[in-house]
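Position 1 is the first residue of the sequence; numbering continues from there. Quick note: numbers below take in every heavy atom, side chains included, and nothing from hydrogens, waters or symmetry partners.
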Amino acid sequence: LGRLAKALERFLYRRAKAVVALSPGMAAGVVAEGVPSERVHMVPNSADLDLFTPGEKDPDFIREHGLSNRFVVGYAGAIGPSNALEKSVPEAARILAQRGRDDIAFVIAGDGKCLPGLRETAARLGLHNLKLLGPLPKRDVPRLTRSADLLMTLFADKPILALNSPNKFFDALASGRPVLVNQPGWTRELVEQNEVGVAVPAEDGLAMADAIVRLADDPGRAARMGVNARRLAEQRFGREELAAQVLEVLQSASRG
């Protein structure tokens, strides 16, 4: 099945007048399959600048989940094997609790194959600083992102995942919050080059805990990163601008 899928992939690449890749790594992968570089266009996923906006924390959300006066580390998205939250978040929460950092709390929203195991681990370790909300409607996700002080984009320790273009990353930028990433690919480069967050190794709970503490103890730095994040979203990842790029690719292909 794998060989058949690969053959179909190459066939479609060869027949396509244009290929849109969602990240630089994906674009390089398409070129490596023999597609001329001039037919490959990199257009990433976009930031929804209208739905996700900076602003004050949602007072009702904070009250509902007991987050008053706490540094909130948020995550909204899939909770599956490719995200591997269970391999780092509970360990980071345990370390922070052990250090007496009751002022820091994780808030995780989403669903997936690994959610039951994550719940079991949180209960077994008595992690009161790890709140698992389950799935949220898309319209309610901004309540979480605005109420967070740091937003996470997490993936398993698999090299192929470093090539991705995750929606949650761009939503975090649009929300004007620092972003924690754990992949060595282009999202880490964006984070470090634009000072919009912090990067840690994948599946490393200790490194995650240390990075969170440093940011929680430096609110000025966190605020600067949030401003930079929103600016980056507006300058490079606005939906209308990227849609225009895709439209140009389509029009060019149809003319060709």
Side-chain angles (χ1 to χ4, degrees), residues 5-6 8-54 75-78 80 82-83 110 138 141-142 145 151-156 158-197 199 225-256:
K6 193 65 176 178
L8 177 60
E9 175 189 3
R10 289 170 174 161
F11 172 77
L12 293 174
Y13 286 160
R14 287 195 300 269
R15 295 294 300 273
K17 292 182 178 180
V19 179
V20 175
L22 300 181
S23 74
M26 291 184 192
V30 175
V31 172
E33 295 292 347
V35 180
S37 59
E38 62 270 18
R39 284 165 48 195
V40 182
H41 307 267
M42 201 288 284
V43 185
N45 285 323
S46 63
D48 190 330
L49 300 174
D50 297 320
L51 181 62
F52 295 94
T53 59
Y75 175 93
S82 64
N83 309 103
K138 181 75 170 181
V141 174
T145 59
L151 291 166
M152 300 187 295
T153 298
L154 303 179
F155 289 97
K158 303 292 183 183
I160 190 66
L161 296 175
L163 308 181
N164 62 19
S165 180
N167 280 314
K168 62 179 71 67
F169 175 76
F170 302 105
D171 292 343
L173 295 180
S175 300
R177 297 295 189 265
V179 190
L180 183 149
V181 299
N182 71 343
Q183 285 293 326
W186 78 300
T187 53
R188 177 169 184 160
E189 294 174 3
L190 286 169
V191 163
E192 294 179 339
Q193 292 172 3
N194 297 280
E195 197 186 359
V196 299
M225 286 179 169
V227 172
N228 293 343
R230 177 67 186 191
R231 183 185 301 118
L232 179 61
E234 292 174 347
Q235 292 177 347
R236 294 184 53 183
F237 301 111
R239 177 172 293 178
E240 290 189 7
E241 178 183 345
L242 297 181
Q245 292 179 26
V246 174
L247 181 59
E248 174 56 32
V249 172
L250 294 172
Q251 290 173 334
S252 177
S254 66
R255 289 193 297 267

Could you pull out the closest heavy-atom pair between Val179 and Ala172, with the gap in Å? CG2-CB, 3.7 Å
Measuring from Asn194:CG to Asn228:CG, what's the distance to the nearest 0.5 Å? 7.5 Å
Of all residues at least two apart in sequence or in a different chain, which pass the side chain to side chain donor-acceptor pair (under 3.5 Å) check with Arg236? none
Can you find a pair of side-chain heavy atoms, one from Leu173 and one from Leu232, that are under 4.5 Å apart? yes
Gap separating the OG atom of Ser82 from the CD1 atom of Ile160, nearest 0.5 angstrom: 12.0 Å
Can you name the residues that form a salt bridge (Lys or Arg N to Asp or Glu O under 4.0 Å) with Arg239, not counting sequence neighbours? Asp48
Assess whether atom CG of Leu250 is packed by more than 12 heavy atoms of other residues, nucleotides or ligands within 6.0 Å. yes
Could you name each residue pair satisfying ring pair (Phe, Tyr, Trp, His ring centres under 6.0 Å) that touches residues 229-253, not counting sequence neighbours? Phe170-Phe237
For Ala174 and Leu49, the nearest pair of non-hydrogen atoms, with its separation, is CB-CD2, 4.1 Å
Which heavy-atom pair separates Leu163 from Gly25 by the least distance, and what is that distance? CD2-CA, 3.7 Å
For Val227, what residues pass the side-chain contact (heavy atoms from CB on, under 4.5 Å) criterion, not counting sequence neighbours? Arg231
Enumerate the residue pairs fulfilling side chain to side chain donor-acceptor pair (under 3.5 Å) with a member in residues 178-188, sequence neighbours excluded, ordered by first and then second residue. Arg188-Glu192
What pair of heavy atoms forms the shortest contact from Ala229 to Arg177, and how long is it? CB-O, 3.6 Å
List the residues meeting salt bridge (Lys or Arg N to Asp or Glu O under 4.0 Å) with Arg10, not counting sequence neighbours, and say none if there are none. Glu33
Going by side chain to side chain donor-acceptor pair (under 3.5 Å), name the residues that satisfy it together with Asn164, two or more places apart in sequence or in a different chain. none
Kindly write out the residues that satisfy ring pair (Phe, Tyr, Trp, His ring centres under 6.0 Å) with Phe52, not counting sequence neighbours, or none if the list is empty. none
Considering only residues two or more places apart or on different chains, which pairs with a residue in residues 167-176 satisfy salt bridge (Lys or Arg N to Asp or Glu O under 4.0 Å)? Lys138-Asp171
Exceeds 12 heavy-atom contacts within 6.0 angstrom, atom CD of Glu240: no
What one should report as the nearest heavy-atom pair of Ala78 and Asn83 is O-OD1, 3.1 Å
Does Pro44 offer a backbone N or O that forms a donor-acceptor pair with the side chain of Ser165 under 3.5 Å? no
For Val191, what residues pass the side-chain contact (heavy atoms from CB on, under 4.5 Å) criterion, not counting sequence neighbours? Phe169, Val181, Val196
Residue set satisfying side chain to side chain donor-acceptor pair (under 3.5 Å) with Glu241, at least two apart, ordered chain then number -> none
Sequence neighbours excluded, the answer for side chain to side chain donor-acceptor pair (under 3.5 Å) partners of Gln245 is none
I need the Arg255 CZ to Lys17 NZ distance, nearest 0.5 Å. 11.5 Å
Hey, could you give me the CE/CG distance between Met42 and Leu242, rounded to the nearest 0.5 Å? 8.5 Å
Would you find a donor on one side and an acceptor on the other, under 3.5 Å apart, between the side chain of Ser252 and the backbone of Val249? no
